[in-house]
Amino acid sequence: MRLYAKKIPVHYLVLSLLILLSGCVPAIQTNQDSLEKRARGLTSIKMITPDIKVYSLSAGDISEKRDDWSAAGRKNAEKAIIEGLKEKGVRVSLLKENARTGAECEEVLALYKAVIESVYTHTVMGSPNFFPDKLKDFDYTVGSLAGVVNRNKGEGLLIVYGSDEISTGGRKALRVVQAINPFAAPQLSGVTFIHVALVDASGDLLWWRGFADSGGYDLRDYESTKEFVRRLLEEFPGGKG
């Protein structure tokens with residue numbers, strides 16, 4: 001069963017994080033080998049500029065987006081992914097955006113987010129709406145991307161989005177007090193999250209992974225981002241056909 005996404009706004013990040021942080025991981029679908037073989041056959045992959053948002057997180061759980069931090073996180077994620085995949089023998093370059101391509105990329109991202117919400121909901125074991133048949137024949141698509149991919153001399157498209165929450169000094173101090181006080185309710189550090197997916201020119205979803213961690217990483221720092229991305233891409237299909 002193929003799923004074509006409608007262009008609608010989707011708020012699915014909380015669902016994704018709950019699944020990831022609970023320890024649930026995607027089960028192996030029966031056609032995984034076929035999809036990964038197709039992924040390994042892609043010799044030129046273009047990456048949409050990563051959609052990374054970084055927030056400050058106060059002691060009162062107030063989250064505020066920081067544009068400067070987000071720009072740094074976006075640049076670090078972009079570099080870490082390109083370098084990380086290069087080490088695996090996979091050639092990835094950033095998609096050059098102009099007015100036309102930028103609009104297309106926004107549409108692709110919106111369509112993909114609608115698709116991946118269904119993937120998380122129906123194909124991740126442990127989800128209350130897990131459907132074995134949808135996992136057995138894993139077949140999801142965002143529709144043809146031949147136009148944007150072929151115009152940019154690519155064979156596939158890498159879609160990346162994520163977020164990071166940086167605890168303020170006040171929040172860190174509160175966590176110290178909570179650690180000392182055995183009766184205090186525990187408070188999580190900010191969550192770092194990145195999702196990456198590979199689709200081919202037909203729009204078929206060939207590979208995807210999401211990874212989240214509470215308090216251990218900082219996307220504003222390149223070395224921290226590099227280590228986070230290393231873990232994220234551990235199972236990415238190599239560059240051998």
Any residue meeting salt bridge (Lys or Arg N to Asp or Glu O under 4.0 Å) with [X], in chain and number order, not counting sequence neighbours:
| X | result |
| --- | --- |
| Arg91 | none |
| Asp164 | none |
| Glu235 | Arg209 |

Would you check if [X] and [Y] make a side-chain contact, meaning some heavy-atom pair closer than 4.5 Å?
| X | Y | answer |
| --- | --- | --- |
| Ile48 | Leu109 | no |
| Leu42 | Leu198 | yes |
| Val148 | Leu95 | yes |
| Trp69 | Tyr55 | no |
| Ile194 | Leu219 | yes |
| Arg40 | Lys37 | yes |

List the residues meeting side chain to side chain donor-acceptor pair (under 3.5 Å) with [X], not counting sequence neighbours, and say none if there are none.
| X | value |
| --- | --- |
| Glu83 | none |
| Thr43 | Glu155 |
| Lys53 | Asp51 |
| Glu234 | Arg230 |

Please check this pair: side chain of [X] against backbone of [Y], looking for a donor-acceptor N/O pair closer than 3.5 Å.
| X | Y | result |
| --- | --- | --- |
| Ser70 | Val54 | yes |
| Asp200 | Gly156 | no |
| Asp221 | Glu223 | yes |
| Thr141 | Gly203 | yes |

Which residues share a side chain to side chain contact (heavy atoms under 4.5 Å, CB included) with Val92, sequence neighbours left out: Ile45, Met47, Ile82, Leu85, Val90, Leu158
For Ala197, the side chain to side chain contact (heavy atoms under 4.5 Å, CB included) test, sequence neighbours excluded, returns Tyr112, His195, Leu205, Trp208
Residue pairs involving residues 65-74 (criterion salt bridge (charged side-chain N to carboxylate O under 4.0 Å, His left out); sequence neighbours excluded):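 For residues 65-74: Lys65-Asp67, Arg66-Asp68.
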Here the pair of heavy atoms bringing Leu233 nearest to Lys88 is O-CE, 2.9 Å
Where do Gly216 and Ser224 come nearest, in terms of heavy atoms and distance? O-OG, 4.5 Å
For Phe236, all residues meeting ring-ring contact (aromatic ring centres under 6.0 Å, His included), sequence neighbours excluded: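 Only Trp207 meet the ring-ring contact (aromatic ring centres under 6.0 Å, His included) criterion with Phe236.
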Who are the ring-ring contact (aromatic ring centres under 6.0 Å, His included) partners of Tyr217, not counting sequence neighbours?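 Partners of Tyr217 by the ring-ring contact (aromatic ring centres under 6.0 Å, His included) criterion, ordered by chain and then number, come out as Phe228.
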